[in-house]
Protein chains: 2
Amino acid sequence: MSDAKIKNMEEFAAISGISRPTVSKYFHDPDSVRASTRERIEKALQDHDYRPNIYAVNQNRKLTKNIGIVVPYLADPFFAELARNAEQRCIDAGFRPTLYSAHGNPSVEVEILESLRVLKPAGVLMAPLGRSSDRAAVEKFCADVPTVLFDSELPDLGVPYIGSDNAQFALLIVDYLSRTGEPPCFLEMKYPANPNANKRRQGYIKAVEALGLTPHVVSIEGEGWSIEEIARIGGAKAIAKGAFATRSVLCSNDRLAIGFLVACYESNLTVGIGDDAVIRVSGMDDHPFSRFTCPPLTTVAQDYESISRHAVEALFGAIEGIENPQNRILFEGKLIMRQSA
Amino acid sequence: MSDAKIKNMEEFAAISGISRPTVSKYFHDPDSVRASTRERIEKALQDHDYRPNIYAVNQNRKLTKNIGIVVPYLADPFFAELARNAEQRCIDAGFRPTLYSAHGNPSVEVEILESLRVLKPAGVLMAPLGRSSDRAAVEKFCADVPTVLFDSELPDLGVPYIGSDNAQFALLIVDYLSRTGEPPCFLEMKYPANPNANKRRQGYIKAVEALGLTPHVVSIEGEGWSIEEIARIGGAKAIAKGAFATRSVLCSNDRLAIGFLVACYESNLTVGIGDDAVIRVSGMDDHPFSRFTCPPLTTVAQDYESISRHAVEALFGAIEGIENPQNRILFEGKLIMRQSA
DNA sequence: CAAAATACTTTACGCGCGCTAAATTATAAC
DNA sequence: GTTATAATTTAGCGCGCGTAAAGTATTTTG
C-alpha cells in the first residue's frame, strides 16, 4: 500500500494504465470491462486505495444509489429491527441506505422527507407515523420519489404497501384465548397512533362475535409514543374501575401489554396461566422485548422477515419503474405462546 | 408557489434579482448578507422553492456539514435514545447527522467507517463496540477525521471521550443496597462487550471491600448482544447452583438485569422489597425499559443529557480544531429507586 | 486471414456550485 | 456632501466525474 494519495480518477487511471472513462465504467459495473483490464484496475486498487468522490459521482448521475429508510420511532426496538433488516437488504443490492426516525413527531417526519428530496434518492422505504402524518406532504413526496410504505398504511394513497393482516392477528389470538379460558377483553389507546390499531379492534370484535360472545373494548386515554407509560397509568385506572369483564386481556400491541403488565403488578394482580394467576395478558407484534417480560408475553408474531423482504423487493421494482399489480401485500401472524396467557 | 422548477442557483439568482455569489453567500450563512437582500432572496424562496444541489455544494466545500453518529447496536433503545439526543443537537447546529449501527458486528463497524470516509464528514460521534472493535481501524479513522468517542472507551487512543463514571455507579448502588439490606452479589458476563463492565466490577469490589465485606462476583457464559437471553439462561443456572451468596444481586447493566428478572421468575423467586420477596435485583444504566419491568428495576441512571451534550460540544470543538485539554469527561450517575431493590 | 464485432482510448463538454479578485455600488459615519 | 466602509456584481476558474463521439486496438468469427 503506497501512501501517495490519489486525488482523482484521472490520476488513478494514469497509475493503473487505463483510460479514465474505462475506469469510470469499471466503478459503475466491474463486469462491464474486459477481464484483463479489470485485473489491472484491481491491482492498482490494491496498491493505492482510491475511491471515487461520491459527490462528484452523484452530481452527474441522474439517479443516485441512495435509499432512505424512514421509521416513526427508532427508539422502539421493533422498528429498529425492521430497519436493520431492510438496511442489510439494500446494502446487499448495492445501494446506500440511510436511516431516519421521525421520533414520533409529524413535523420531523416532513422534515425528513424534505431533506430526502435533496439527497435525490433512488427510492424510499417508509413506515409512516400514521394518523398524525401529514398526508398531503407524504402524498406529494410519493409522487416525486419511488416509495414503498410498510407497517402502517395511509389509506387510499395509491402507494405500494407491505404490512400485516391485523384482523387475522386478532382472530388468531382471540381464538386461542377463548379455547383455553375466558374470552379476552380488548385494551387499546383511545386515539391510537396508526390505523393498525383500528383493524385489530375490528378483528377482535368480529372474532368474538363469531363465537357468539360479547366484545369488551377498553379504551384508555393518552396520546403519543410513550405507550408503556400510557398503558401503565390507564391500565391501573381500568383495573381499579373493574373495567375488565373477563379475566383475560388482549392488548392492541406488545408495548401496551408491557405497560399493562406493570399496571397488573402494581395492582397486585398475578398474571399468567398458573394456579395463582388471576388474569391473562397478551399482546400483538412479538416485540423484541416481549419474551423478557415477567411473565413472558404471549403474542402474535409479525413476519418481520417477509415484510422487510417484500418491502425492499417492491421498492426495487418501483425504482426500475415496474408497476406491480399487487399494490398491497399483507402477511399473517403466528401465535407465540408464552406464560402470560 | 410557482411550479416552474428552478434548475440551479444561476436561475434562482436571476429570479430573485440578486447575483449568484451573493445568493451562494446567503445559503452559506443568511446573516452574512444585508437585511434587504436577505428579504429579497427569501421572498423568491417562498415563491419558487429552490434548494442548492447538495452534491455540487459538498464537492466544492473543503468540509461538508455531515456528521456521522455511530452506535454499536441501535436495536438497544439505550443507544437509540443517545443517538436521538445527539442527532437533534447536530441538526440544531446546522449539521446533517447520519445514523449508523454496527449491529453488534465488528466488521460492520469497520465498513461504516469506510463508508464515512467517502462522505467526508466534518466529524464523527462514535460509541464503539468495545472489546471487539478493530482498534487499528478506529485509530486510523480518528487520525483522519475529527472524532469523539462516547459510552465505551478505547483506552489509550488519545481520542476525546465522554462517558460515565462507572466505578461511581457501582459505589452508589452498593452503598444503597448495603444500607437497606444484604450487600449485593455482582452478576456480569464473563466476556463483556465493553470496558465499562470491567470498571463496574472493579467499582463493585472496591465498594464492598470498603465496607469490610467480601465481594461475590458471578460471571456467566455467553457472548454478543443478546444480553437479556444470556442473562436469562446464565442467571437460571447460577440460581440453580446457589451461586448467589446473598439475597441481593447487582447486575452489571440493565439489560442483564432484565434477563435476570426473567430467570428469577422462571425459578419462582419473587423479586423485590416486599415481605414475600426473596431476592433484590438491581441494574445500572436506567435503560428506557427498566421502569417497565416487573417489578420496576432499581438502577443507576446514566446522565444521557450531559453525555450527549458534552460529546457534541467536544466534537464541535474538535471540528474547529480546538484542542480540548479535558480530553476525557466522566459523568456521575443518579440512584433510581424502584421496587426491585 | 480478412472482416466484423467488441473493447478501449482520446477528446471534449457539461453538471452545479465554491471561491476569488477586481470593479462597482450602496450604506453609514462624520 | 464627502469619506470610509461594507455589500454586491462581474467574470471566470476549478472541483471530480459522467458521458458522448470518433478513432484505434483487440478479439472473435467464419
Side-chain angles (χ1 to χ4, degrees), chain A residues 4-45 48-66 94 96 115 117-122, chain B residues 4-45 48-66 94 96 115 117-122:
Chain A
K5 273 161 200 165
I6 287 152
K7 248 181 33 191
N8 52 32
M9 197 180 277
E10 188 91 47
E11 265 186 46
F12 176 76
I15 287 171
S16 61
I18 306 287
S19 73
R20 189 176 71 75
T22 303
V23 171
S24 171
K25 231 183 138 197
Y26 167 84
F27 279 110
H28 187 66
D29 175 11
D31 289 330
S32 68
V33 301
R34 198 188 297 150
S36 60
T37 26
R38 184 162 59 245
E39 275 168 23
R40 289 169 69 187
I41 292 175
E42 275 163 2
K43 185 158 164 288
L45 219 43
H48 295 277
D49 144 76
Y50 155 81
R51 291 175 167 225
N53 180 312
I54 196 172
Y55 298 110
V57 170
N58 281 332
Q59 180 172 18
N60 296 312
R61 242 207 292 259
K62 313 125 203 188
L63 211 57
T64 70
K65 279 286 189 180
N66 296 328
R96 289 183 55 95
S115 94
R117 273 177 199 281
V118 174
L119 282 182
K120 303 182 195 300
Chain B
K5 273 160 200 165
I6 287 151
K7 246 180 36 189
N8 53 31
M9 197 180 278
E10 189 89 47
E11 265 187 46
F12 176 75
I15 286 171
S16 61
I18 305 287
S19 73
R20 188 175 71 79
T22 304
V23 171
S24 170
K25 232 181 137 197
Y26 167 84
F27 278 110
H28 188 65
D29 174 13
D31 290 330
S32 68
V33 302
R34 194 158 42 210
S36 59
T37 36
R38 184 164 58 245
E39 276 167 23
R40 289 170 68 187
I41 292 175
E42 275 162 2
K43 186 158 164 288
L45 220 42
H48 294 275
D49 141 76
Y50 156 81
R51 291 176 167 224
N53 179 312
I54 196 172
Y55 299 110
V57 170
N58 281 332
Q59 179 173 18
N60 295 312
R61 244 206 292 258
K62 313 124 203 193
L63 212 56
T64 70
K65 279 287 187 178
N66 296 328
R96 287 184 56 95
S115 94
R117 273 176 199 282
V118 174
L119 282 182
K120 304 182 194 300

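The basis for the numbers below is simple: all heavy atoms, side chains too, and nothing from hydrogens, waters or symmetry mates. Because the structure is predicted, anything quoted here is derived from the model rather than measured. So you know, we letter chains A, B, ... as the sequences are listed, proteins then strands, and number each from 1.
Looking at the side chain of A:Pro21, the nearest of the listed nucleotides C:dG16, D:dG18, C:dT10 is C:dT10. Comparing D:dC15, C:dG14, C:dC8 by their closest approach to the side chain of A:Arg34 singles out C:dC8. When each of C:dT9, D:dC15, C:dG18 is scored by its nearest atom to the side-chain atoms of A:Thr22, the top-ranked nucleotide is C:dT9. Listed nucleotides C:dT9, C:dG18, D:dT8 differ in distance to A:Ser19; the shortest reach to its side chain belongs to C:dT9.
The residue B:Ser24 sits close only to the backbone: its heavy atoms come under 4.0 Å of sugar-phosphate atoms, none of a base.
Judged by closest nucleotide on DNA chain D, B:Lys25 is the one of A:Tyr50 and B:Lys25 placed further toward the 5' end. Residues A:Ala35 and B:Glu10 each lie close to DNA chain C; by heavy-atom proximity, the contact nearer the 5' end of the strand is made by A:Ala35. Toward the 5' end of DNA chain D, the nearer of the two residues B:Asn60 and B:Gly17, judged by each one's closest nucleotide, is B:Gly17.
Under 3.5 Å, the side chain of B:Arg20 and the base of D:dG12 form at least one donor-acceptor pair of N or O atoms.
A distance-only check finds a donor-acceptor pair linking the side chain of A:Asn8 to the backbone of A:Glu11 [under 3.5 Å]. Remark: the backbone N or O of A:Ala13 is not paired with any side-chain donor or acceptor of A:Arg20 at under 3.5 angstrom. Panel note: side chain B:Arg51, backbone A:Val118; no donor-acceptor pair is recorded below 3.5 Å. Listed for the B:Tyr26 side chain is no donor-acceptor partner under 3.5 Å among the backbone atoms of B:Asp31.
Atoms CZ (B:Arg40) and P (D:dT9) sit 7 Å apart, rounded to a whole Å. Following rounding to the nearest Å, B:Tyr55 (OH) and C:dC17 (P) show an atom-to-atom distance of 13 Å. Distance, A:Gln59 CD to D:dT19 C1': 14 Å, rounded to whole Å. With rounding to whole Å, A:Arg61 atom CZ is found 17 Å from C:dG16 atom C1'. A straight line from CG of B:Asp29 to C1' of C:dC19 spans 16 Å, rounded to a whole angstrom. Put simply, CZ on A:Phe27 is 15 Å from P on D:dG16, counting in whole angstrom units. Counting to the nearest Å, the P atom of D:dT8 and the CD1 atom of B:Ile41 are 8 Å from each other. Between A:Asn8 atom CG and D:dC17 atom P there is a gap of 6 Å when expressed in whole angstrom units.
Aromatic ring pairs are classed by plane angle as parallel below 30°, tilted from 30° to 60° and perpendicular above 60°; the pair A:Tyr50 and A:Phe27 is perpendicular.
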